[in-house]
Every structure is written in structure tokens, then in C-alpha cells.
Amino acid sequence: MKPSEIEQLPEVIKATRVLEELEKFGLNEATIAGGWLRGFLTETQPSDIDILYVGSVHYEEAQEHLIRVLKKLSVDSTDWDIKGIWNAELAWKLPHVEETILVYYVCSIDSIFLGSDGVLHDPTRHGFLDAESKILRLNEGLNPHKPHTDEQMAYFLLEGCRRIAKFGWKPTKRSEDLIRNGVKYWDRLNEASQQIIWKKLRNKYPEYKREAARKTYDKYG
């Protein structure tokens, strides 16, 4: 689906109104990015709606504002990850949402975001075309503040591999090399850290899909 078509969807227009209302409570640069938009962009099942924002409002207070806004606008809260609303500035010390997306989000497609202006933004300048072509282009290297602990990088690259396994996206050469070479990060982790990541990944695959997915992970080591 083309970005202009997505922007005109009733559910996207409603989501924009939610973002507008949240900004009135001090949730600056209220934004939706990730799996919900990815579903429309790549014609897959949209996931729940996650909101990212900056400013001084604590995320627990933001949850209350979100519940209040959804009720005010008569929006069904089922698809909204209320506990997942997150203040990027308080959590990661980054003053702008777009910067946070480029640092912490996995790839160009995931980085496409909806702002309170009702427009889809493509900060990597590759996301729209990659969504159309089903290309995995990892965000690593776009920002000097990229997380660099072994645990963060291992999870980041495994999430990239998950998009290949789950959606059948074709990785760019650089992305493929990053995933293959990233095995070193996993090997450096202690068993407790490995188990934390392992459980996160297991929870994202129904048991009947794990064997097929494992073939992709084996391919990249």
C-alpha cells in the first residue's frame, strides 16, 4: 500500500487524532512507528500500536493520558499497547523522536513513522522503497549513538534475522554481513543474558513456526 493511501485509512486518521490530543498533555513529538505501520506498508498483519514521545512527562502518567484520550475519541483500545507508551528522552537521553528511531529501531521499514501531522515520514530515505521491495536494510551505522553493548547488538541483529525468517525480506549485502559477523556478540554473552534474549525470541514465534524459522537462523550462523 502506498504511503498516501495509508495516510487516508480511517484507522490512521484516528491514530493521528490520538497523537494530536496526547501532545496537548505535553507528550512532545508523539509518534507511531514499527510493527503497526509495517503491516500496512508490507501487506502483513499489523501489530499493536506503540507510541514514542519526548519531553518531561513520565511514561506512567502518559499511560493515563492515553487511556483518557482513547475514551474521549471513542477509539477501541484493543490494538493500542498502553503499557508500551515510552518517553525516549527520559529513557535514552535523546531529545528528538526521529533521532531515537534511527538509533534504536531495527531497519529502514521499521523507522517509518506517523506524526501528529498525519504524514508518514521516512527518516532513512530508504524505507518506502524497501517496504515496496521487501528489503531488509539495517539501521546500524546511521547514528554515532547506536547502542554498542554486546547484548544490545546481539538482540538488534537477531531481530534483523527475525524479519528475514518471518517476512521473507531480502537483506542488503551490508545487512547480511552484519548479521553473519554479529554472531561474535552472542558468543560474548553470559548464559543469563543469552537466556533473556532466547526467551524474547521464542515468545515471538508460535511453536509450529519455530522449526521453519530456525533454518534462517542456522543459515546466518
| Step-by-step salt bridge (charged side-chain N to carboxylate O under 4.0 Å, His left out) determination, E159 to K204 | CA-CA 10 Å; E159 277 293 308; K204 294 184 178 184; 3.1 Å; yes
| request: Ignoring hydrogens and angles, tell me if any N or O in the side chain of H96 forms a donor-acceptor pair with the backbone of E98 under 3.5 Å. | output: no
| message | Closer than 4.0 angstrom, basic N to acidic O: yes or no for E11 and K14? | response | no
| task | For E132, look at atom CD and say whether over 12 heavy atoms of other residues, nucleotides or ligands are found less than 6.0 Å away. | result | no
| Considering only heavy atoms from C-beta outward, does the side chain of Y220 approach that of I164 to under 4.5 Å? | yes
| Would you say I197 and L138 are hydrophobically clustered, going by side-chain heavy atoms of ILVMFWY under 4.5 Å? | no
| Residue pair P95 / V54, side-chain heavy-atom distance below 4.5 Å | no
| request: Check the hydrophobic clustering (I, L, V, M, F, W, Y; side-chain heavy atoms under 4.5 Å; chains of links allowed) and say if I13 and L114 are grouped together. | output: no
| Linking I/L/V/M/F/W/Y whenever any side-chain heavy atoms sit under 4.5 Å apart, do I51 and L90 land together? | no
| Partner of D130 under salt bridge (charged side-chain N to carboxylate O under 4.0 Å, His left out), chosen from K170, R137, R163 | R137
| field | Nearest non-hydrogen partners of N139 and S111, listed with the distance | value | ND2-OG, 2.7 Å
| query | Do side-chain atoms of D48 reach the backbone of D81 as a donor and acceptor pair under 3.5 angstrom? | reply | no
| note | Minimal heavy-atom distance between T78 and D76, with the atoms involved, is OG1-OD1, 2.7 Å
| Can you tell me if E7 uses its side chain to pair, donor with acceptor, with the backbone of L120 under 3.5 Å? | yes
| message | Quick check against the 3.5 Å criterion: does N87 have a side-chain atom that pairs as donor or acceptor with the backbone of V57? | response | yes
| query | Where is the tightest heavy-atom contact between I179 and L157, given as atom of each residue plus distance? | reply | CG1-O, 4.1 Å
| task | May I have the step-by-step check of salt bridge (charged side-chain N to carboxylate O under 4.0 Å, His left out) for E21 and K24, ending in yes or no? | result | CA-CA 5 Å; E21 290 293 321; K24 295 177 183 178; 3.0 Å; yes
| query | Do you know which two heavy atoms are closest between A33 and D110, and how far apart they sit? | reply | CB-O, 3.9 Å
| said: Under the criterion side chain to side chain contact (heavy atoms under 4.5 Å, CB included), I'd like the reasoning laid out for V18 against L66: C-alpha separation, chi angles, the key distance, then a yes or no. | reply: CA-CA 8 Å; V18 171; L66 178 54; 3.9 Å; yes
| Taking E23 for the side chain and A30 for the main chain, is one N or O donor matched with an acceptor at less than 3.5 Å? | yes
| query | Linking I/L/V/M/F/W/Y whenever their side-chain heavy atoms sit closer than 4.5 Å, directly or via other members, would L73 and L70 fall into one cluster? | reply | yes
| field | Donor-acceptor contact present, side-chain D150 to main-chain R188, <3.5 Å | value | no
| message | Ring-plane angle category for Y205 and Y217, please: parallel below 30°, perpendicular beyond 60°, tilted otherwise. | response | perpendicular
| query | Taking all atoms of both residues into account, what is the closest heavy-atom pair of A62 and Y53, and its distance? | reply | CB-OH, 3.3 Å
| message | Check this for me, if you would: do R214 and E211 make a salt bridge, where the nitrogen-to-carboxylate-oxygen distance has to be below 4.0 angstrom? | response | yes
| Is E29 reaching over with its side chain to a backbone N or O of V97, donor-acceptor style, under 3.5 angstrom? | yes
| query | Does some side-chain heavy atom of S175 sit less than 4.5 Å from a side-chain heavy atom of W169? | reply | no
| message | Tell me if a side-chain donor or acceptor on R125 pairs with a main-chain N or O of P123 at a distance below 3.5 Å. | response | yes
| Validation row: K173, D177 side chains within 4.5 angstrom (heavy atoms) | yes
| field | T100 versus A88, closest heavy-atom pair with distance | value | OG1-CB, 3.4 Å
| Do L158 and M153 belong together in a cluster built from hydrophobic side chains that touch within less than 4.5 Å? | no
| field | Flag side-chain contact, heavy atom, 4.5 Å: T124 against Y105 | value | no
| query | Counting only N and O atoms by type, is there a donor-acceptor contact under 3.5 Å from the side chain of E151 to the main-chain atoms of L189? | reply | no
| query | Does the side chain of Y155 come within less than 4.5 Å of T149's, by heavy atoms? | reply | no
| Taking everything shown except R162 itself, do over 12 heavy atoms lie less than 6.0 Å from its CZ? | yes
| Side chain of T44, backbone of F40: donor and acceptor closer than 3.5 Å? | no
| query | At what distance, to the nearest 0.5 angstrom, does CD of E89 lie from CG of L52? | reply | 11.0 Å
| query | For atom CD of E5, is the number of surrounding heavy atoms from other residues, nucleotides or ligands below 6.0 Å larger than 12? | reply | yes
